[in-house]
Amino acid sequence: MSMKFSQLISKTMRTEPTEAETASHRLMLKAGMVHQVASGVYSYLPLAWRSLRKIENIIRQEIDAAGGQEIRMSVLQPMELWEETDRRSAFGDNLFTLEDRRGRPMVLAPTHEEVVTNIVRANVQSYRDLPAVLYQIQTKFRDEPRPRAGLIRVREFDMKDAYSFDADEESLENSYQAMAQAYRNIYERCGLPALMVEADSGAIGGKDSHEFILPTPSGEDVVLTCPKCGYAANTEKAGGVVPPTQMEPPLAMEEVSTPGVKTIAGLSDYLGIPQSSTLKAVFYSADGDVVFATIRGDLDVNEVKLKNVLHCHDLRLASQEEVGAAGLVPGSASPIGLENMKRVADESIKSGSNFAVGANKSDAHIINANYPRDFQVDILTDISLTQEGHGCIRCGTPLEATRGVEVGHIFKLGTFFSETLGAYFLDREGQQRPIIMGCYGIGVGRLLAAAIEQNHDDQGIVFPMPIAPYQVHLVGLNLADAEVARAADDLYERLWQEGIETLYDDRRDEAAGVKFNDADLLGLPVRLVISPRNLRQDSVEVKERRDKEATMVPVGEVVGRIARLIKG
RNA sequence: CGGGGUGUAGCGCAGCGGCUAGCGCGCCACGUUCGGGACGUGGAGGCCGGUGGUUCGAAUCCACUCACCCCGACCA
């Protein structure tokens, strides 16, 4: 095994690829690591593939160490399997579907809970078989509405998914904690300071769920963290204490004319009151039914919380037609007198008084509305989106917001799949019980992209050693000089003999600057330079990619020095 | 699915009714160079995303369509 730059099929680019805006995407294209096939579909070229295999191996080692047993499952699956658990509708258009030659509906698996549960159903009958962890590192398919940012969000991707099977909650907790620890080890070895945060477990998920987030400005997720007590949660999940408003004695309701006022900001300006003294109405369509949500004007609805409350599959803002058909007046809607649809309100409607709300007719609002004196709701609960500055749910300290990329997600699934698909075991008492499941995912390609997102500078990638495609970038300058070429070839041989993965820039016709720039772009952790100048001192220049300064090392000591550097 | 943008050589772009479609980088050959993106000479490389219109004539104008990117929606 070895690699000379002159033989490397992929080419580095001198000009910036305009398609890419995110750093990792731009750098991976520029460094010739990936090749786009379609929107959200990429081929991995040699450098990326080496790096991905290293990431896979780190994951494999850690999950094995935590007791995981690797398996390989089918990617092509019958649609029926997805109908059994009703996840065909849960996944909706994200499911890649096709038909076989007999016209049978099939899917390209987006994940493997159904298949793995059936494997366990066939193989586990007794509590003596539990606990168990099965895992796979395989390609999965999701027809995402909007692929973006290179490997961050794609439609075909490699994923490690582990599934745990336990006899009771306590055992599940152990499995869960063991996986969480394995995840921390994985991120650490990949050089990634990932945050573990509380997350929503989704429509089917059970109780606990955590996401691992790598903080980076280009991330698509937002997490809220408490600087004091360490509470950390995804915004979708985060609880928070909304800023209170003053409670006043209730006044009499009164209709006021508000010509042209259609927004909370407009209402607040027009009446000269803070937005927190208004109530906002938002209309949703939940599996086709219109839902009327009410929340204090300065807050936003958390759609994940709302979805969980409603137990629906599909939640989206209602269309203009739906709003019109329901007789609602956008801009002046209010829950007052409303009875013919489901009304959900956020608890914040109790945290203030004498609110301004819509009058259910254009150009008019009602002031001094108070709950429950003036209107009723069907569900009153927390549906607010916690934001930066809201109080920590544990200690009240103002929360801080951080953007990041989700690089892992773990769930306690509970017994949904085992009960639906009939995966039961007999406990000590001979009692039949459903297996308790957990699942644990990491996107391999996304981890690579996130690592580059986290580790780069203006010149290029700065690979962490454990996931670098090669450990050493050997640059030969002036290789037309036979003596230099001999020294470089020799060093290259000795490095590989020592097991040091070395990419050798053996190009004879490139200027030094080109080679240096390519070395910086590819970002291998250690750069060695052999040149006439260095050889005159019988030395090789050693420079770590993350450092600015280089040092000269005698030719005879280089291999040993690098070996030590790599072992770290 | 809504909003915005882009499709012309491997990459980055110009040309926007007129003749044989151009520039830079990259690529091939030869020579000179050789420590931070060198130079000379000579070359190769294009269904101007697709379809249909308008026109004597279309990369250029019109219509439709496809693809890709960005924002949003969405995203166990």
Side-chain angles (χ1 to χ4, degrees), chain A residues 9-22 25-26 29-30 32 35-41 85-87 90-95 110-113 142-150 152-155 157 161 199-206 208-211 218 220-221 234 236-237 284-285 303-304 307-308 313-320 406 409-414 416-417 437-441 443 446 459-460 475-481 484 505 507-521 527 529-536 541 543 550:
Chain A
I9 182 65
S10 58
K11 299 286 186 291
T12 55
M13 286 161 49
R14 185 175 295 208
T15 45
E16 296 290 327
T18 45
E19 294 283 78
E21 298 196 354
T22 312
H25 188 198
R26 184 171 52 78
L29 287 173
K30 203 174 173 190
H35 183 251
Q36 184 170 9
V37 176
S39 180
V41 181
T85 52
D86 201 26
R87 293 173 96 205
F91 266 93
D93 289 338
N94 268 24
L95 212 52
T111 177
H112 287 75
E113 280 82 6
R142 293 182 192 176
D143 197 358
E144 296 288 346
R146 187 156 92 83
R148 60 174 290 271
I152 298 284
R153 182 160 221 93
V154 285
R155 298 191 297 167
F157 54 98
D161 253 329
D200 181 72
S201 57
I204 298 171
D208 292 337
S209 172
H210 289 85
E211 281 177 356
S218 60
E220 53 189 357
D221 291 321
N234 183 321
E236 294 171 349
K237 167 77 177 182
Y284 287 94
S285 169
E303 294 184 12
V304 171
K307 191 171 173 180
N308 289 342
H313 277 316
D314 182 39
L315 181 75
R316 54 177 173 76
L317 287 171
S319 66
Q320 282 190 2
E406 178 188 349
H409 202 157
I410 62 178
F411 296 82
K412 288 183 182 172
L413 286 175
F416 174 81
F417 291 98
M437 293 174 54
C439 81
Y440 315 86
R446 182 183 282 189
Q459 272 61 49
V475 176
L477 295 184
N478 219 334
L479 292 170
D481 182 328
V484 180
D505 192 343
R507 293 175 295 177
R508 284 167 177 263
D509 46 3
E510 290 297 351
V514 171
K515 295 186 172 190
F516 287 141
N517 280 312
D518 277 344
D520 289 343
L521 174 62
R527 187 186 78 188
V529 179
I530 284 209
S531 68
R533 202 174 79 185
N534 297 343
L535 282 182
R536 255 175 261 129
E541 180 191 290
K543 179 180 169 296

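Chain letters run A, B, ... following the sequence lines, proteins first and then strands; every chain starts at 1. If you're wondering where the values come from, they're calculated on a predicted model, not measured in any experiment.
Within 4.0 Å of Thr111(A), counting heavy atoms only, lies no atom of the nucleic acid at all. Among the atoms of the strands shown, none is found under 4.0 Å from any heavy atom of Asp93(A). Among the heavy atoms of the strands, none lies under 4.0 Å from Glu220(A). Using a 4.0 Å heavy-atom criterion, one finds that Glu16(A) contacts the sugar-phosphate atoms exclusively. Residue Arg26(A) is classed as having no contact, given no heavy-atom separation below 4.0 Å to the nucleic acid. Ala149(A) comes within 4.0 angstrom of the backbone, heavy atoms only, and of no base. Across all strands, Arg153(A) comes closer than 4.0 Å to base atoms (heavy-atom distances). At a threshold of 4.0 angstrom between heavy atoms, the contacts of Ala480(A) include nucleobase atoms, whether or not backbone atoms are also involved.
OP1 or OP2 of rC13(B) has at least one side-chain nitrogen or oxygen of Thr18(A) nearer than 4.0 Å. For Thr15(A), no side-chain nitrogen or oxygen approaches OP1 or OP2 of rG26(B) to under 4.0 Å. A sub-4.0 Å separation between OP1 or OP2 of rG37(B) and a side-chain N or O of Lys30(A) is absent. A close approach under 4.0 Å does not occur between any side-chain nitrogen or oxygen of Gln459(A) and OP1 or OP2 of rG36(B). Between Arg146(A) and the phosphate of rC1(B), there is no side-chain N or O to OP1/OP2 separation shorter than 4.0 Å.
Set against rG24(B), rC70(B), rG35(B), the side chain of Glu541(A) has rG35(B) as its closest nucleotide. Of the candidates rG24(B), rG37(B), rA76(B), rA76(B) carries the atom nearest the His409(A) side chain, counting heavy atoms from C-beta on. The Pro145(A) side chain lies nearest to rA73(B) when the options are rG35(B), rA73(B), rC69(B). Side-chain proximity of Cys439(A) to the nucleotides rG37(B), rA76(B), rC68(B) is greatest for rA76(B). Candidate nucleotides rA38(B), rC75(B), rG35(B) were compared by shortest atom distance to the side chain of Val514(A), and rA38(B) ranks first. Considering only side-chain atoms of Ser531(A), the nucleotide from rC68(B), rG35(B), rC71(B) that sits closest is rG35(B). Among the nucleotides rA38(B), rC75(B), rA76(B), the one closest to any side-chain atom of Ala511(A) is rA38(B).
For rG36(B), its base sits under 3.5 Å from the side chain of Asp520(A) at one donor and acceptor pair at least. The base of rG37(B) lies outside donor-acceptor range of the side chain of Glu510(A), with no N or O pair under 3.5 Å. Taking 3.5 Å as the limit, the base of rG36(B) and the side chain of Arg14(A) contain no donor-acceptor pair of atoms between them.
Rounded to a whole angstrom, the distance from the P atom of rC30(B) to that of rC69(B) is 41 Å. Remark: the separation of the C1' atoms in rA21(B) and rA14(B) is 11 Å, to the nearest Å. Remark: the separation of the P atoms in rG12(B) and rC39(B) is 22 Å, to the nearest Å. Using atom C1' as the reference point in both rG37(B) and rC11(B), the two lie 15 Å apart (nearest Å). Distance check on atom P: rC27(B) versus rG15(B) gives 27 Å, rounded to whole Å.
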Set out, in order, the CA-CA distance, both residues' side-chain angles and the distance that settles side-chain contact (heavy atoms from CB on, under 4.5 Å) for His25(A) and Arg148(A), then state yes or no.
CA-CA 9 Å; His25(A) 188 198; Arg148(A) 60 174 290 271; over 6 Å; no
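Remark on RNA chain B: of its neighbouring residues Lys11(A) and Arg527(A), the 5'-side contact belongs to Lys11(A), judged by nearest-heavy-atom nucleotide.
Side-chain atoms of Lys543(A) and Val475(A), non-hydrogen and from C-beta on, never get closer than 4.5 Å to each other.
Pair assignment for rG37(B) gives none, since no Watson-Crick or G-U wobble pairing has each distance under 3.5 Å. rC27(B) is paired with rG43(B) under the criterion used here, namely a Watson-Crick or G-U wobble arrangement in which both key atom distances are under 3.5 Å.
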